Amino acid sequence: MTFDSSWDVDKYRSEHEYEDHWQFRRQFLVAHQDKFPEDRLVCLAQVFFNIEFLGCQYPKKVMDLIETLSEGLADDLREKRKGKLQRTFVAASDAAEAKAKR
């Protein structure tokens, strides 16, 4: 099934979005523009971004769909991020305990 792909992908760029973040989401939108309704694809692109950049997790069906749709799209990003400093989230209670032990 194909969907209307005549809509402008660039209208979904946020005013304060970093250029590389936008290009990442834009690539996803363009790659799948004819496979989903516009509103659903915009949502999926944000989920894709959230998983890759923020480490978010979603229900298994959503994670599986994004994994399938992102094949080949996130490879460059993942390769660039290898060796870079990664964020680690720590529970406040763990941080307080570690500070108390110093």
Side-chain angles (χ1 to χ4, degrees):
M1 175 178 268
T2 61
F3 294 89
D4 174 28
S5 61
S6 63
W7 51 275
D8 181 19
V9 169
D10 294 315
K11 72 181 180 182
Y12 288 102
R13 179 168 187 189
S14 170
E15 181 181 343
H16 303 290
E17 190 169 18
Y18 290 123
E19 179 65 28
D20 58 331
H21 291 181
W22 165 242
Q23 290 304 322
F24 184 74
R25 277 195 324 118
R26 187 179 192 286
Q27 182 181 9
F28 187 92
L29 290 166
V30 169
H32 303 294
Q33 193 170 11
D34 63 341
K35 298 176 188 135
F36 294 93
E38 182 178 351
D39 59 344
R40 180 150 190 238
L41 182 58
V42 170
C43 180
L44 290 171
Q46 188 63 53
V47 169
F48 175 53
F49 175 88
N50 292 351
I51 291 168
E52 291 297 328
F53 280 90
L54 304 177
C56 295
Q57 293 186 0
Y58 295 87
K60 182 169 177 26
K61 286 178 77 173
V62 174
M63 294 296 283
D64 290 346
L65 175 60
I66 296 298
E67 181 179 346
T68 301
L69 295 174
S70 67
E71 286 179 3
L73 294 178
D75 296 343
D76 289 341
L77 171 71
R78 291 175 186 143
E79 193 60 37
K80 287 178 189 175
R81 289 193 309 187
K82 278 186 181 174
K84 286 190 175 182
L85 187 62
Q86 297 291 313
R87 289 185 184 145
T88 303
F89 294 98
V90 179
S93 58
D94 293 342
E97 183 179 332
K99 185 175 182 178
K101 288 181 179 179
R102 287 188 210 159

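In this text, all values refer to a predicted model and were calculated from it rather than measured experimentally.
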note = Residue set satisfying side chain to side chain contact (heavy atoms under 4.5 Å, CB included) with Arg13, at least two apart, ordered chain then number -> Glu17, Glu19, Trp22
query = Are any of the side-chain heavy atoms of Leu69 and His32 separated by less than 4.5 Å?
reply = yes
query = Under a 4.5 Å cut-off applied to non-hydrogen side-chain atoms, are Phe48 and Phe24 in contact?
reply = yes
task = For Lys11, enumerate each residue passing the side chain to side chain contact (heavy atoms under 4.5 Å, CB included) test, keeping only those at least two apart in sequence or located in another chain.
result = Asp8, Glu38
inquiry  = Could you measure the distance from the CG atom of Asp39 to the CG atom of Leu44? Nearest 0.5 Å is fine.
reply    = 9.5 Å
ask   = With sequence neighbours excluded, what pairs up with Asp10 under the salt bridge (charged side-chain N to carboxylate O under 4.0 Å, His left out) test?
value = Arg26
message = Lys99: which residues meet the side-chain hydrogen bond (donor to acceptor under 3.5 Å, both in side chains) condition with it, sequence neighbours left out?
response = none
inquiry  = Rounded to the nearest 0.5 Å, what separates atom CE in Met63 from atom OG1 in Thr68?
reply    = 11.5 Å
key: side-chain hydrogen bond (donor to acceptor under 3.5 Å, both in side chains) against Ser93, all qualifying residues, sequence neighbours excluded   = none
message = Holding to side-chain hydrogen bond (donor to acceptor under 3.5 Å, both in side chains), I want the full list of residues that pass it with Glu71, two or more places apart in sequence or in another chain.
response = none
note = Hits for side chain to side chain contact (heavy atoms under 4.5 Å, CB included) against Val62, two or more places apart or cross-chain, chain-then-number order -> Val47, Tyr58, Pro59, Ile66
ask   = Can you name the residues that form a salt bridge (charged side-chain N to carboxylate O under 4.0 Å, His left out) with Lys61, not counting sequence neighbours?
value = none
message = More than 12 heavy atoms of other residues, nucleotides or ligands under 6.0 Å from CD of Gln23: yes or no?
response = yes
inquiry  = For Asp34, give me all partners under salt bridge (charged side-chain N to carboxylate O under 4.0 Å, His left out), at least two apart in sequence or on another chain.
reply    = none
inquiry  = With rounding to the nearest 0.5 angstrom, report the CG to CD distance, Leu41 to Gln33.
reply    = 7.5 Å
message = Going by the rule ring pair (Phe, Tyr, Trp, His ring centres under 6.0 Å), which residues pair with Tyr12 if we only count those two or more places apart in sequence or in a different chain?
response = Trp7
message = Check the orientation of Tyr18 and His21. Use parallel for under 30°, tilted for 30 to 60°, and perpendicular for over 60°.
response = perpendicular
ask   = For Gln27, what residues pass the side-chain hydrogen bond (donor to acceptor under 3.5 Å, both in side chains) criterion, not counting sequence neighbours?
value = none
ask   = Can you tell me how far the CZ atom of Arg25 sits from the CG atom of Leu73, to the nearest 0.5 Å?
value = 14.0 Å
